[in-house]
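Data block below; observations after.
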Protein chains: 2
Amino acid sequence: MAGGRVTVIDIAKAAGVSKSTVSLVLQGSPLVNEGTRVKVSAAMRELGYVYNRGAATLRQTGAKSKIIGVVVNDLTNSFFAELAVGVDMVVQSAGFVQFLSNTSESIDRQREVIASMREHGISGLIVSPARATEAADFKPLVAAGIPVVVAVRSLPGAKVSSIVSDNHEGTAAAVRHLASLGHRRISFLGGFPNTAVFAERLTGYRDAVVEVGLGFDDELIVSSAPSRAGGADAIARTMAMGNPPTAAVCFNDAVAFGVCDGLRARGMEPGRDFAVVGFDDVIEAQTAVPALTTISVDPQGMGRRAAQLLLKQINAGKVEAENVTAAVRLVVRESCGAAQRKSREELA
Amino acid sequence: MAGGRVTVIDIAKAAGVSKSTVSLVLQGSPLVNEGTRVKVSAAMRELGYVYNRGAATLRQTGAKSKIIGVVVNDLTNSFFAELAVGVDMVVQSAGFVQFLSNTSESIDRQREVIASMREHGISGLIVSPARATEAADFKPLVAAGIPVVVAVRSLPGAKVSSIVSDNHEGTAAAVRHLASLGHRRISFLGGFPNTAVFAERLTGYRDAVVEVGLGFDDELIVSSAPSRAGGADAIARTMAMGNPPTAAVCFNDAVAFGVCDGLRARGMEPGRDFAVVGFDDVIEAQTAVPALTTISVDPQGMGRRAAQLLLKQINAGKVEAENVTAAVRLVVRESCGAAQRKSREELA
DNA sequence: TGACATAATTGGAACGTTCCAATTAATTGC
DNA sequence: GCAATTAATTGGAACGTTCCAATTATGTCA
């Protein structure tokens, strides 16, 4: 059975050539005669040869391991699963293979995972960082010349490439849409204020709100945990104030769902009595009742672009940080009160 | 910057010992003196040493690579994403690292991916096979002594371990539940008849239907694509017959959603006019309207068990196929008409 | 024919680690 | 105080590959 594995020497012997020649055909060199090439290939098939990439990588100076690491903070969230699929697509067709790990927002786990990946000689890393990640955490990587692309969540001072969705434009579009529906008091609900994503989405809101001629009112900003429960909490606090808003753009879809819950608890129907817009366009957004109007970012496309960015850097050898922002688009469904109730046709 | 990487020899020199000693501390051998151990460790930290697992694996006879491969047919489906997370958990805490790839149901892709993993020297493989996978596809793996665990979809004649959900018991439980609600004509809708999963779920249905004293009626079995569209189609054909059923257990949740669509198209409300039960308990099942009564399988738990199974085999050295079936449970929500609607009845 | 270019092949050395047998240093027994 | 034991350490050799310089075979030109 598992007798000694068959090596390049075995097949050299079988084909009556030297191991060097075998190596040459392995890498498709034009130096080798057509006749010997087929002879060698036949022997490989015959003996069931499997290439030992580890040995090859060891010999080659440098780190051309054909492995790229992917680290996401929550694979359970379909947004990140899609992201990983996008990465896998392009990485795979470039002849690389993907090391994927999930950190569950644990920074310790993230450190372990990245260390392990380094030991395995990854030639690049795509990471959607766990919450408390600091820019310095990637210092050793870039010092070792390993390209890093940070995705989804931007990392303030890090000297690495990044790809994030256009948070600013997203919330701005949401505000413009709500204003066009006649809303004059629009809230911004949910999210932890000390994160980069929050800051970006908030300034998008703020800029748009003055752009359309509504004044900016501090009172209308109500932060909370970026979760369903957080949303319910935020809307409760919001509606308790003197001059409550009639619409809200939410930090993300989870918050938006919570806001809907909270509205119903006060006897108000989202979409009819109050307009709600989310952010992310998670799958549930289309099937929920009412279907959620939200800002859609294409996670799979984002994964693909992240991978392309990384591969470019790997091939270039030169590591030069590049920051790209992915376009987003407003998807109008029911929760903003604008549309026709026919969300279901989107599903096919 | 990226000057030659620091090796075990460099740190040996720095610590004033031999490379052998360094290797010893690397593997935590008790043979090395405490004093030298700290000296060496210090040097490692100082010089920023990173272990080269590839070189180590090369030296060690055998394939102890500390890499395990995970191949899923559709990572976009949250069921499989959860599965992967479960695998990652236990694999990770056992000091292994996960190579995850997505095949998108492409058998060619699957072959490529597995070949690539072999080249990288995986010490085990967990795979949820793409649709047309044949048992023979894993022959080379097991011949090479690489443990394989097939998950979710069983592979008829393969001599590998497997973990599948208890399909038989699942549909049986659904039938019993519907019968207890008074239904006398219960359909089985959707799914491709030529798959193992279909066969298991169907016999579960069939056995239960005679067990509760309803006769088995061929007419009540209507197959279709295992998708939302397929479900809509199946229910249309079903309701067109002479003596239509009043309830259906569906091949999976997607089919069940399609059945709901189809019912509404005929002016019937699922849960009130017709009972629907799904299978899988995808996330949308809880948020849909009406919330879907379904058979829940815990994909993350399944992933964990698959990983445990695999690790056991890796450690045992002996490869001995073992087949386990994971328990399922009926989750009663609204679509079967049993539960009282909470707050959403106005949509009807 | 000899000189020379070109095509194809080849033996060793190297990559960073672990293993083995062997060496040295420290400790014990009597 | 010397053999015997134990504790620490060590220098190669080896893993399977690729690279390099060197070699052999083949063809070309006056």
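In what follows, chains carry the letters A, B, and so on, assigned in the order in which the sequence lines appear, proteins first and then strands, with residues in each chain numbered from 1.
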Pairing residues for A/Ser20 by the side chain to side chain contact (heavy atoms under 4.5 Å, CB included) criterion, not counting sequence neighbours:
A/Ser18
Using five base pairs at each end, measure the axis-to-axis angle across the helix from C/dT1-D/dA30 to C/dC30-D/dG1 and round it to 10 degrees.
50°
How would you list, by chain and number, every residue that makes a salt bridge (Lys or Arg N to Asp or Glu O under 4.0 Å) with A/Arg109, sequence neighbours excluded?
none
Show each protein N/O and nucleotides 19-27 of chain D N/O combination with a separation under 3.5 Å, one pair to a line.
unit_1: D/dC19; atom_1: OP2; unit_2: A/Gln27; atom_2: NE2; d: 3.3

Dump every N/O contact between nucleotides 5-9 of chain D and the protein below 3.5 Å, one line per pair.
unit_1: D/dT9; atom_1: OP1; unit_2: B/Thr36; atom_2: OG1; d: 3.3
unit_1: D/dT9; atom_1: OP2; unit_2: B/Asn33; atom_2: N; d: 2.9
unit_1: D/dT9; atom_1: OP2; unit_2: B/Thr36; atom_2: OG1; d: 3.1

Can you pull the ring-ring contact (aromatic ring centres under 6.0 Å, His included) pairs that have at least one residue in residues 23-50 of chain B, sequence neighbours excluded?
none
Taking only residues two or more places apart in sequence, or in another chain, which ones meet A/Glu322 in a salt bridge (Lys or Arg N to Asp or Glu O under 4.0 Å)?
A/Lys312
Which whole-number value in Å describes the distance from A/Glu119 CD to C/dG16 C1'?
13 Å
Could you pull out all residues at least two apart from B/Ala307 that satisfy side chain to side chain contact (heavy atoms under 4.5 Å, CB included)?
B/Val87, B/Val90, B/Val91, B/Ile126
Would you please test B/Leu100 and B/Leu75 for side-chain contact (heavy atoms from CB on, under 4.5 Å) and show each step?
CA-CA 10 Å; B/Leu100 186 135; B/Leu75 193 62; 3.8 Å; yes
note: B/Leu58, atom CG; C/dG16, atom P; distance rounded to Å ~ 12 Å
In chain order, what residues pass the side chain to side chain contact (heavy atoms under 4.5 Å, CB included) check against A/Ala135, with sequence neighbours excluded?
A/Ala158
Where is the tightest heavy-atom contact between B/Val6 and B/Leu47, given as atom of each residue plus distance?
CG1-O, 3.5 Å
Rounded to whole angstrom units, what separation is found between the OH atom of B/Tyr51 and the P atom of C/dC15?
18 Å
Interatomic distance where CG belongs to A/Asn52 and C1' belongs to D/dT18 [whole Å]:
12 Å
Please give, in whole Å, the distance from C/dG16 P to B/Asp10 CG?
8 Å
Distance in angstrom units between B/Ile9 CD1 and C/dT18 P, rounded
12 Å
I need the full list of side-chain hydrogen bond (donor to acceptor under 3.5 Å, both in side chains) pairs touching residues 112-121 of chain B, with sequence neighbours left out, sorted by first then second residue.
A/Arg53-B/Glu119
Sorted by first residue and then second, give each side-chain hydrogen bond (donor to acceptor under 3.5 Å, both in side chains) pair with at least one member in residues 130-150 of chain B; sequence neighbours left out.
B/Gln110-B/Thr133
For A/Lys13, check salt bridge (Lys or Arg N to Asp or Glu O under 4.0 Å) against everything at least two apart and list the hits.
none
